[in-house]
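Here the structure comes first, spelled out in structure tokens, and everything after it is commentary.
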Amino acid sequence: MQQRVGEPEATRIKRMPVEEVLKEVHEEVEKQVRKRTSDLVKTNKELQIEITKLRKVEEALRESEEKFRSFVEEMNDGYCVIQGSTIVFANARIAEMFGYTQEEVIGKSILELLPSEIISELTEAHARRRRGEAVPPQYETVLTSKDGAARPVEFGARLVSYEGKPAASVVIRDITERKNAEAKLQQTMQDLARSNAELEQFAYVASHDLQEPLRMVTSFVQLLARRLEGKLDADSSEYIAYVVDGASRMQMLINDLLAFSRVGTRGSPFEVTDCEAALHGALTNVQLTIEDHDVVLTHDPLPTVMADGMQLVQLFQNLISNAIKFHGEERPRIHISAKQEGHEWGLSVRDNGIGIDPEYHERIFLIFQRLHGRAEYAGTGIGLAMCKRIVERHGGRIWVQSELGKGSTFYFTIPVAGGKES
Ligand code: ADP
């Protein structure tokens, strides 16, 4: 600082620090301003970042709302949001279901649109849900639109918050197609059951009525053979033997067919049946065969089920006879097991016989299907078809696990509580 002319020395000395102080103050202020500015710049930057974040969130929110709206608009189900009893949001589909335009339906009371009984049922379900009781999420009813068109629908409602206030979000699904398909299925099943019953009845009557003329053919040919014994040449005797053989085979087939058709038409009602007693019944019937083949037969403890006892005997008998008939080189060993699996009993008959190629595992259960010629193994091919019919009548399934040369295990199930007769 320059010294002014005529200024006393003392003042000059005093003024110097003031200017210094001022300078210092000025510098301090500048420093503070610089710091503030830099703070401000920093805060501003942070603010910008926050604003960008917020914009992104807003954008995402807007996009998600747009997506939601277009989804709701395009969905095939009716959708609305109800606050109190007023419809505050509705898609075009729900408006169409009620017979209104979308604009008309918004603001209307749901009480005007739904019949009072549906309202009270929905209210009741809602109250129960609030009390924490288990209520099925969907509710089926018939919806009638303004013009009187009725359609079966499924309602689903849940509590939501809409614009900050509690609301019910309601989805109404048109289930006309499902109901039609169900009705069609029901009709087809009824038709199938009727045609099955008719077929069984036919098989029964036909096989029953065929027995008589066949018996006549057999007995008269046998009579003829006896009369002409010694008078016929070798060829003629052979022909007669063929006729007798053919007729007796036909008799066997007809008898089997009759027995098969009886499973459905002449079965007894289901009763509490001890499987072990049924097994012993079957073993008594095949006792001679068991002894002839020196069979070793073992079994688990068997359960008590609801069944037609006679048919259960038949089932065990057919499976055990096959296990013996189709034995291998070794001494026949048969084991019968039982295991409860969920709501059904799984039983099985295991043997150490010739086994079955997996290619034929399904075919063998068809009527008259055999894998061997009559010369190899006797039989008509009805045994397993009969087993299948019996098991299915009891509401179970039957199948086989086997490989050629490695024995076979036939499995069947029976419902624990006793199936409905099918
Ligand atoms: P059938 O015994 O009169 O031939 P089934 O209906 O009882 O008629 O059996 C059909 C076919 O399934 C039999 O011809 C046989 O080839 C095969 N099969 C059935 N049970 C057994 C078994 N335990 N072991 C091997 N093959 C079997």
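Atoms within a ligand are numbered from 1 in the order they appear, just like the ligands themselves. Throughout, residue positions are numbered sequentially from 1 according to the sequence presented.
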Atom-level proximity to ligand 1, residues with heavy atom under 4.0 Å: Asn322, Ala323, Lys325, Phe326, Asp351, Ile354, Gly355, Ile356, Ile364, Gln369, Arg370, Leu371, His372, Gly379, Thr380, Gly381, Ile382, Gly383, Leu384, Ser408, Phe410
Check: His327 ring centre within less than 6.0 Å of His293 ring centre: yes
salt_bridge(Arg393, Asp308) N-O dist < 4.0 Å: yes
Within 6.0 angstrom of Glu133 CD, more than 12 heavy atoms from elsewhere: yes
Within 45° cone of Phe98 ring axis and under 6.0 Å: Lys146 NZ or CZ: no
Glu65 and Arg69 ion-paired at < 4.0 Å: yes
Sidechain N-carboxylate O distance under 4.0 Å for Glu66, Arg62: yes
